Amino acid sequence: MKCPKCEVKLEVMERDGHVGFCCSECSGVLLTERYVSTLNFKPENSANKFYACLVLGLTESTNCKCPTCKKPMYISVYENVELDFCNGCKSVWFDFNELGETLTSFKSPKVGASTYTKSDFLVYASEFILRLF
């Protein structure tokens, strides 16, 4: 998959505490629907509610194609942040620094969560990739 902004090959990496398909050039992150559905949302929220907010916030199409399904992506305003959203496969593109600020308000904080080391990250990334298929 290639970055919808700068066409660089996306790599699986950690950004803002999340593992996703990341661009080494622009530091953007692509989260697929499968990953978003595994997030630990606050009790009053859910992945479905997150997506409903994105659909309601759709404004215009972008020049970007979804790296996952190649359909056009749309700008969606979520909590005053413009995100690129694929209404086809529900992938969400987060530009630099958008991921942390967007999902922090929706996600439940993990109490007592351990800190990952670099070797733990490789295991976590492998598990993430396996869940995609």
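This is a predicted model, so every value here is computed, not measured.
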Discussion item. Run the side-chain contact (heavy atoms from CB on, under 4.5 Å) test on L83 and I75 for me, step by step, so that the C-alpha distance in whole Å, both residues' side-chain angles and the decisive distance to 0.1 Å come before the verdict.
Written reply: CA-CA 6 Å; L83 302 174; I75 294 173; over 6 Å; no
Worksheet item: So, the side chain of T62 versus the backbone of M73: is there a donor-acceptor pair under 3.5 Å, distance only?
Response: yes
Fill in: Student check: side-chain heavy atoms of C6 and C23 closer than 4.5 Å
yes
Discussion item. Let me confirm one number: the CD-SG distance from E11 to C22, rounded to the nearest 0.5 Å.
Written reply: 8.5 Å
Practice prompt. Working to the nearest 0.5 Å, report the span between CD of E79 and SG of C53.
Written response: 8.0 Å
Worksheet item: Which atoms form the tightest heavy-atom contact between K70 and K65, and what is the distance?
Response: O-CD, 3.3 Å
Worksheet item: How close do L54 and S76 get, heavy atom to heavy atom, and via which atoms?
Response: O-OG, 2.5 Å
Fill in: salt bridge (charged side-chain N to carboxylate O under 4.0 Å, His left out) pairs, two or more places apart, involving residues 80-90
K5-D84
Practice prompt. Evaluate the side-chain contact (heavy atoms from CB on, under 4.5 Å) criterion for residues W93 and C3: first the C-alpha distance (whole Å), next the side-chain angles of each, then the deciding distance (0.1 Å), finally the verdict.
Written response: CA-CA 9 Å; W93 178 260; C3 173; 3.7 Å; yes
Discussion item. Distance check, rounded to the nearest 0.5 Å: E33 atom CD versus S91 atom OG?
Written reply: 8.0 Å
Discussion item. More than 12 heavy atoms of other residues, nucleotides or ligands under 6.0 Å from NZ of K2: yes or no?
Written reply: no
Worksheet item: Can the ring centres of F85 and Y78 be said to be less than 6.0 Å apart?
Response: no
